[in-house]
Amino acid sequence: MKPEEQIMTFDRAMNLSRHEATELFRRHINHPLASLLKLGNVDMRFTKAEGIYLYDEEGQRYMDLTAGYGALNLGHNPKEVIKAVNEAQKLPAVLLVGHNPLMGALGKTLASILPGDLSVAIFGSGGAEAIENAMKTARASTGREKFVSCVGGYHGLSFGALSVCGSERFRMTVAPLLEHCELIPFGELKALEQTLQGKEVAAFIVEPVQGEGGAVVPPKGYLKGAADLCRKFGTLLIFDEIQTGFGRTGKMFAMEHDDVIPDIVTLSKSLGSGVVPISVSVTSEEIWMKAFGSRDRFDLIISTFAGNPAACAAALKTIEIMQRDDIPDHARALGDYARNKLQNLKTKHKLVKKIRGNGLLLGIELETAGLFSGTMEHNLSIMVMGELLHKHNILTSYYDFDPKVIRFEPPLIVTTEQIDEAVDALDKVLSRGKQAIALSFGKTAIGSMLRH
Ligand SMILES: Cc1ncc(COP(=O)(O)O)c(C=O)c1O
């Protein structure tokens, strides 16, 4: 065996330097992403995370406004969740014959916090897997083939999820995808009605608030209207609450703002508090039985790690804390507070075009006309991100399908003081204007390229 082919021990891996970590990522994981992170000097090597903060090798503290894109609603490494997971690890970690008691318990807990008759759970590990299970349930229970979803919608990157993805760029790279999938504009009931009336659509898949589309809240009455149309034409309504769930928009689930109950809901991200990956697709007993309720079908939705004790323990404890500490209510109050402060920034800075979103799923849409227009849009966001990180120790990002929108998505345990600090920092960065931001970004990028 050649020396460089030797395995990396766990102890060594835990002690890699920033440069070593970047190089390993570049060589073995994702070359263009490694270059992009390095260009913006955001290839940080964080060594510790707690609450809403990350810490680098030198012990410097950074506020995290990305929260794992909605996976860390209780903050980084919540101690109570970790403790529950450790306790559950006394149980058989994987058991495919017999019952894992935590799985049924989590099924019951989900049924009791979800509205209506959403009561039967199909577990998985990642968000896209929950989407696959929801799509399978829809086809198997309706006998129909077609799916409808929205432009700007994001549902993950497996084949089924990509087939209903609202971005041309993401879909085309691995085409052909599933046949019989149609995209319609988000928020337009007329378009939905037109596509449903042929009565061939198994399901309409939609986020109650678009996340990666750039924190887009649909017009009032849209979700209710969509539910009515789906019922009228025999189409199932799937709400993808993978990013909006667990308090993110100021209610336990975003669908509660409009009092609309879907036929299937998909959840993941903060379900396991980011401590253990877990996802779930939940539907009614009636729909589940139609889809899988026979001896020749019950095993079509089983997966080795689905609903394992560690994942279920993380989810059970997360939900317990969410309820006990009234996290959704806190998110609503702090979301309103943050939104007001951000609106003031809009009044003050021409560079801010619009404040989007609700609860703590917020976005700052930048004015990219002129210098940063067209395909270069995301460059301005990257520059603002760079300034926030290096001058103010604040980590943020942009929304994937609308890069001119800066993410303001902190863990829901954030305080008013921390929001003040983040908005003040944004204020300072925006006050410098486009040219000055671009100039200091250029310096950072050159410095970063010369670093090693
Ligand atoms: C709304 C929504 N659905 C699905 C997914 C996919 O989840 P995962 O990345 O865990 O596959 C995401 C991820 O960001 C999401 O935001």
Side-chain angles (χ1 to χ4, degrees), residues 29-30 33 64-73 122-138 147 149-167 169-171 174 177 181 183 186 203-218 223 237-249 253-255 262 264-282 303 305-306 311 314-315 318 356-363 396-403 405 407-409 411-412:
I29 310 295
N30 190 329
L33 178 57
D64 182 6
L65 290 187
T66 63
Y69 300 2
L72 305 173
N73 287 357
I122 305 171
F123 287 110
S125 299
E129 204 180 338
I131 296 293
E132 300 294 324
N133 284 326
M135 291 173 75
K136 280 163 63 177
T137 305
F147 293 103
S149 57
C150 290
V151 174
Y154 184 81
H155 306 287
L157 301 183
S158 54
F159 267 81
L162 271 178
S163 304
V164 293
C165 173
S167 154
R169 178 171 74 86
F170 277 64
R171 278 198 326 275
V174 290
L177 293 160
C181 292
L183 284 175
F186 182 58
F204 172 49
I205 306 176
V206 66
E207 295 159 86
V209 177
Q210 283 193 338
E212 295 317 304
V216 187
V217 182
L223 298 177
L237 177 62
I238 301 176
F239 276 166
D240 179 348
E241 291 245 20
I242 287 169
Q243 187 156 178
T244 53
F246 300 102
R248 176 53 58 189
T249 67
F253 302 106
M255 61 179 132
I264 305 175
V265 64
T266 56
L267 306 166
S268 184
K269 290 202 179 259
S270 278
L271 174 58
S273 278
V275 175
V276 186
I278 178 168
S279 68
V280 70
S281 159
V282 190
S303 172
F305 300 113
T318 297
R356 300 199 191 164
N358 64 0
L360 284 168
L361 184 64
L362 294 171
T396 185
S397 174
Y398 53 77
Y399 287 100
D400 262 352
F401 289 176
D402 198 349
V405 185
R407 206 178 270 274
F408 196 101
E409 194 178 2
L412 306 183

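Remember, it's a predicted structure, so these values are computed and weren't measured experimentally. Read the numbers this way: they start at 1 and go in the same order the structure lists the ligands and their atoms. Keep in mind that the numbers below use all heavy atoms, side chains included, and drop hydrogens, waters and symmetry copies.
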Is any N or O atom of Ala128, backbone or side chain, closer than 3.5 Å to an N or O atom of ligand 1? yes
Protein heavy atom at shortest distance from atom 3 (N) of ligand 1: Asp240 OD2, 2.7 Å
Does the gap between the ring centers of Phe204 and Phe147 come in under 6.0 Å? no
Are the side chains of Leu183 and Arg171 in contact, using a 4.5 Å heavy-atom criterion? yes
Contact check: Gly127 vs ligand 1, nitrogen or oxygen atoms, below 3.5 angstrom: yes
Shortest non-hydrogen contact between Pro208 and Phe186, atoms and distance: O-CZ, 4.2 Å
If I compare all heavy atoms of Tyr399 with all of Gln243, which pair ends up nearest, and what's the gap? CE2-OE1, 4.5 Å
So for ligand 1, is Glu207 a polar contact partner (N or O within less than 3.5 Å, distance only)? no
Considering both backbone and side-chain atoms of Gln243, is one of its nitrogen or oxygen atoms within less than 3.5 Å of a nitrogen or oxygen in ligand 1? yes
Residue part near ligand 1, for Lys269, under 4.0 Å between non-hydrogen atoms: side chain
At a non-hydrogen distance cut-off of under 4.0 Å, which region of Tyr154 contacts ligand 1 (side chain, backbone, both, or neither)? both
Does the protein put a heavy atom less than 4.0 Å from atom 9 (O) of ligand 1? no
Separation between SG of Cys181 and CD1 of Ile205, rounded to the nearest 0.5 Å: 7.5 Å
I'd like to know whether Ser279 forms a side-chain hydrogen bond (donor to acceptor under 3.5 Å, both in side chains) with Glu129, so could you lay out the CA-CA distance, the side-chain angles of the two residues, the decisive distance to 0.1 Å, and finally the verdict. CA-CA 7 Å; Ser279 68; Glu129 204 180 338; 4.8 Å; no
How close does the nearest protein non-hydrogen atom get to atom 6 (C) of ligand 1, and which residue and atom is it? Gly156 CA, 3.5 Å
More than 12 heavy atoms of other residues, nucleotides or ligands under 6.0 Å from CZ of Phe305: yes or no? no
